[in-house]
Number of protein chains: 2
Amino acid sequence: MAVAEDYVELVADLLREEGEARSVDIARRMGVAQATVAATVTRLQRDGLVATKPYRGIFLTEAGQAMASAARERHELVVRFFLTLGLDRATAEADAEGVEHHVSEATLEAFARFLAERKDMA
Amino acid sequence: MAVAEDYVELVADLLREEGEARSVDIARRMGVAQATVAATVTRLQRDGLVATKPYRGIFLTEAGQAMASAARERHELVVRFFLTLGLDRATAEADAEGVEHHVSEATLEAFARFLAERKDMA
DNA sequence: AGCAGATATTAGCCTAGGCTATGTTTTGGA
DNA sequence: TCCAAAACATAGCCTAGGCTAATATCTGCT
Ligand SMILES: [Mn+2]
Ligand SMILES: [Mn+2]
Ligand SMILES: [Mn+2]
Ligand SMILES: [Mn+2]
């Protein structure tokens with residue numbers, strides 16, 4: 001589901017940027033209540049995507065890391081595509097956040113082709 | 001919500017194509033149980049988007065028609081954009097069905113600009 | 001006219017994703 | 001050391017969107 005991808009992607013970001021991924025920070029960055037994060041994290045754990053060490057934050061399993069990096073790659077490709085299309089950064093980021101969950105591999109490849117063409121037109 | 005747009009868009013299509021929009025047909029075309037359609041239609045009615053005449057199908061209110069034509073326009077723009085980008089029809093349609101709900105006005109305008117440029121490149 | 005089959009509704013259930021309010025538990029600073 | 005504040009968990013509630021099974025209603029055909 002879309003939400004799972006966003007969570008693991010954010011957990012990966014927080015781990016990289018902050019060294020740890022705490023529930024509070026996830027709640028803040030996702031604009032959601034802490035209780036909501038708790039419930040979602042429980043599901044993610046059930047689905048084998050994350051593990052938690054209480055008061056020590058959230059960590060990614062192998063599966064979680066795989067999902068996170070795939071999500072990240074997709075996210076960045078969509079953003080770059082939108083930027084190249086002439087969107088401002090804020091819009092590109094905002095729309096990518098939703099669009100990324102609905103583009104097939106074939107479409108992502110088309111985006112990549114477009115970027116490649118643009119590049120060697122410079 | 002995304003589902004409301006898809007429903008009213010489909011109702012509009014059915015009214016145009018078939019003359020009437022029946023629950024059975026909506027269920028079939030959306031790949032959903034009839035009971036699900038009933039529940040959703042109840043919400044759409046509550047939200048002033050549709051009206052029903054039992055055993056005579058579903059109709060759009062003014063608001064519903066407005067939403068339907070906006071949704072249709074958006075849908076078609078996204079599909080045309082994807083096709084121009086080189087996607088096959090099936091992929092373009094499938095991805096558009098999800099993407100259409102996550103593109104801002106600014107992005108749609110960028111899509112339109114892209115199409116315009118392509119056109120006078122021919 | 002009457003009834004079988006199509007169509008629609010209702011009841012009862014489920015999950016995801018939200019919320020607030022109210023505990024617990026941990027931790028760092030005095 | 002110890003305790004207030006921060007972090008986390010739990011309980012209880014809600015809506016959207018799904019499902020199946022059972023029931024009701026309509027309609028077209030004979
Ligand atoms: Mn996202
Ligand atoms: Mn993302
Ligand atoms: Mn759609
Ligand atoms: Mn559509």
Side-chain angles (χ1 to χ4, degrees), chain A residues 1-11 13-15 17-60 63-64 67-68 71 94 97-102, chain B residues 1-11 13-15 17-60 63-64 67-68 71 94 97-102:
Chain A
M1 95 259 331
V3 166
E5 290 186 341
D6 287 335
Y7 268 76
V8 296
E9 195 185 345
L10 177 51
V11 168
D13 286 354
L14 287 170
L15 286 172
E17 291 167 19
E18 315 285 338
E20 55 179 12
R22 313 297 295 259
S23 297
V24 229
D25 299 323
I26 295 174
R28 196 174 32 72
R29 296 257 289 242
M30 303 242 311
V32 124
Q34 297 195 19
T36 299
V37 172
T40 304
V41 166
T42 298
R43 282 197 306 277
L44 295 178
Q45 201 157 9
R46 179 202 62 191
D47 297 343
L49 293 167
V50 307
T52 59
K53 298 187 194 158
Y55 291 89
R56 203 100 314 174
I58 295 153
F59 301 87
L60 296 175
M67 179 183 283
E97 205 52 70
V99 167
E100 60 182 357
H101 307 289
H102 300 276
Chain B
M1 98 255 337
V3 167
E5 290 186 340
D6 287 336
Y7 268 75
V8 297
E9 195 186 346
L10 177 51
V11 169
D13 286 354
L14 288 170
L15 286 173
E17 292 166 18
E18 316 286 339
E20 54 177 13
R22 314 295 296 260
S23 296
V24 230
D25 300 322
I26 295 175
R28 196 173 34 72
R29 296 256 291 239
M30 304 243 311
V32 124
Q34 296 195 20
T36 299
V37 172
T40 304
V41 166
T42 298
R43 282 198 304 280
L44 296 178
Q45 202 158 10
R46 180 202 61 192
D47 298 343
L49 294 167
V50 306
T52 58
K53 299 187 194 159
Y55 291 86
R56 202 101 314 176
I58 295 153
F59 302 87
L60 296 174
M67 179 183 281
E97 205 51 71
V99 167
E100 61 182 356
H101 307 289
H102 300 276

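Convention: sequence-line order gives letters A, B, ...; per-chain numbering from 1. Reckoned from all heavy atoms, side chains included, excluding hydrogens, waters and symmetry mates. These numbers come from a predicted model, not from an experiment.
- Remark: S23(A), V24(A), Q34(A), A35(A) in residues 23-36 of chain A come within less than 4.0 Å of DNA chain D through at least one heavy atom.
- Considering all non-hydrogen atoms of both residues, G48(A) and A63(A) come closest at O-CB, 3.8 Å.
- Atoms OH and OG1, on Y7(B) and T40(B) in that order, are 3.5 Å from each other to the nearest 0.5 Å.
- What separates CZ of R22(A) from C1' of dA9(D) is a distance of 14 Å, to the nearest Å.
- In this view, H101(B) satisfies the ring-ring contact (aromatic ring centres under 6.0 Å, His included) rule with no residue, not counting sequence neighbours.
- Here the closest heavy-atom approach between residue R22(A) and residue Y55(A) is recorded as NH2-O, 3.1 Å.
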(message) For a side-chain contact (heavy atoms from CB on, under 4.5 Å) check, start with the C-alpha distance between E100(B) and D6(B), then their side-chain angles and the critical distance, and finish with the verdict.
(response) CA-CA 10 Å; E100(B) 61 182 356; D6(B) 287 336; 3.2 Å; yes
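- Rounded to whole Å, atom C1' of dA7(D) lies 11 Å from atom CD of E20(A).
- Put simply, chain A comes within 4.0 Å of DNA chain C, heavy atom to any atom, from dA16(C) to dT27(C), going 5' to 3'.
- Taking all atoms of both residues into account, the shortest heavy-atom contact from L15(A) to A21(A) is CD2-N, 3.8 Å.
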Below 3.5 Å between N/O atoms, which protein atoms pair up with nucleotides 27-30 of chain D? Just atom names and distances, please.
residue	atom	partner	partner atom	Å
dT27(D)	OP1	R56(B)	NH2	2.4

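- Annotation: side chain to side chain contact (heavy atoms under 4.5 Å, CB included) contacts of S23(B) (sequence neighbours excluded): V37(B), I58(B).
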(message) Evaluate D25(B) against E18(B) for side-chain contact (heavy atoms from CB on, under 4.5 Å), listing each step before the verdict.
(response) CA-CA 10 Å; D25(B) 300 322; E18(B) 316 286 339; 5.7 Å; no
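- A search for side chain to side chain contact (heavy atoms under 4.5 Å, CB included) contacts involving T42(B) returns nothing, not counting sequence neighbours.
- Of all heavy-atom pairs spanning R29(B) and L14(B), the tightest one is NH1-CD2, 3.9 Å.
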